[in-house]
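Okay, structure first, notes after.
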2 protein chains.
Amino acid sequence: MNYSKQRETILDTLREYTVHPSAEQLYEKVHSKDKTISKGTLYRNLNQLAASGIIKKIDGLDTSAHFDHNTHEHYHFICNRCKKIYDIEKEDVKIPEIKQKDEFIITNHDIIFKGICKECRKKNLD
Amino acid sequence: MNYSKQRETILDTLREYTVHPSAEQLYEKVHSKDKTISKGTLYRNLNQLAASGIIKKIDGLDTSAHFDHNTHEHYHFICNRCKKIYDIEKEDVKIPEIKQKDEFIITNHDIIFKGICKECRKKNLD
DNA sequence: ACCAAAATTAGTAATAATTCCTAATTTTTA
DNA sequence: TAAAAATTAGGAATTATTACTAATTTTGGT
């Protein structure tokens, strides 16, 4: 991968997030820094960065992909009400182990927990 | 939910699958039975059926949602090469348990395993 | 069975997320 | 510093899905 100013801006911007933005959300922020960066460039770079393992692409959270600069293995929780995405540390989960039965070579797995977050639960009690 | 002939056809058709078709794949088959069923009707019904727990909607497998008539809890494996989706029985997985720390009320979770399936592995050895 | 209310439909338009295309520019190589 | 390779902006195209509307079907009470 060659250097490009645009890719640097995109990666830097993603790294400012503690949560995991969608491409659209990231675009807003990237665009506010550099008006000339196009969506094509954003998507291309996010996919390249994910393919080379520098960032992570998370599917299945909602209708769009989300991106995460935190590459250490961890899982996610999405609140069904507010749709916010929280990190679940791997240390807090008993990691699933699968009896492979010679059927599959499993290289990775994602766990997505769903439910109601503390904040939304509180709101409901008012 | 009222009865409708279209919904019956859609559900019957989904139940013919052992794998989990996308809406598009299902549409082909449904359409071959009844040319008048529209995509709008298909999507609406799939979402209604999923909302009422009669079927399951699986996100995060690829770019589209997939649907599963098998409502007993189980996980999925998707092959990175052929993109086929296999069932992983819950009995074959040590279920993850999370230290909730009072933060979340977890109502459900999905696990998606990724890797290479047996068939694709074989092909590579030829 | 009959009828009004509610639910559902087909078909199409609209939207959202993402990829593709192309000519121009930038980066790397040597 | 010039040629080759990679990357870009911007817009068109594609894919997946939802929204809209007038017509039809289903349902529950009589």
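Keep in mind the model is a prediction, meaning the values are calculated, not measured.
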For the side chain to side chain contact (heavy atoms under 4.5 Å, CB included) test, which of B/Gln6, B/Glu8, B/Met1 pairs with B/Ser4?
B/Gln6
Under a 4.0 Å N-O cut-off, is there an ion pair linking A/Glu16 with A/Lys33?
yes
Using a cut-off of 4.0 Å on non-hydrogen atoms, how would the nucleic acid contact of B/Arg44 be classed: base, sugar-phosphate, or nothing?
base
Using a 4.0 Å heavy-atom cut-off across all strands, classify B/Tyr43 as base, sugar-phosphate, or nothing.
base
If you check the [X] side chain, which of [options] turns out closest?
X       : options               : value
B/Ala65 : D/dA9, D/dT17, D/dT18 : D/dT17
A/Ser64 : D/dA16, D/dT8, C/dA17 : C/dA17
B/Ile37 : C/dT19, D/dT8, C/dA10 : C/dA10
A/Gln48 : C/dT8, D/dT7, C/dT18  : D/dT7
A/Thr36 : D/dA9, C/dT8, C/dT28  : D/dA9
B/Gln6  : D/dA16, C/dT9, C/dA7  : C/dT9

Would you tell me if any nitrogen or oxygen in the side chain of A/Ser38 comes within less than 4.0 Å of OP1 or OP2 on D/dG10?
no
Taking all non-hydrogen atoms of both residues, which atom of B/Ser22 and which atom of B/His66 are closest, and how far apart?
N-ND1, 3.5 Å
Return the CG to CG distance between B/Asn45 and B/Leu26, rounded to the nearest 0.5 Å.
10.5 Å
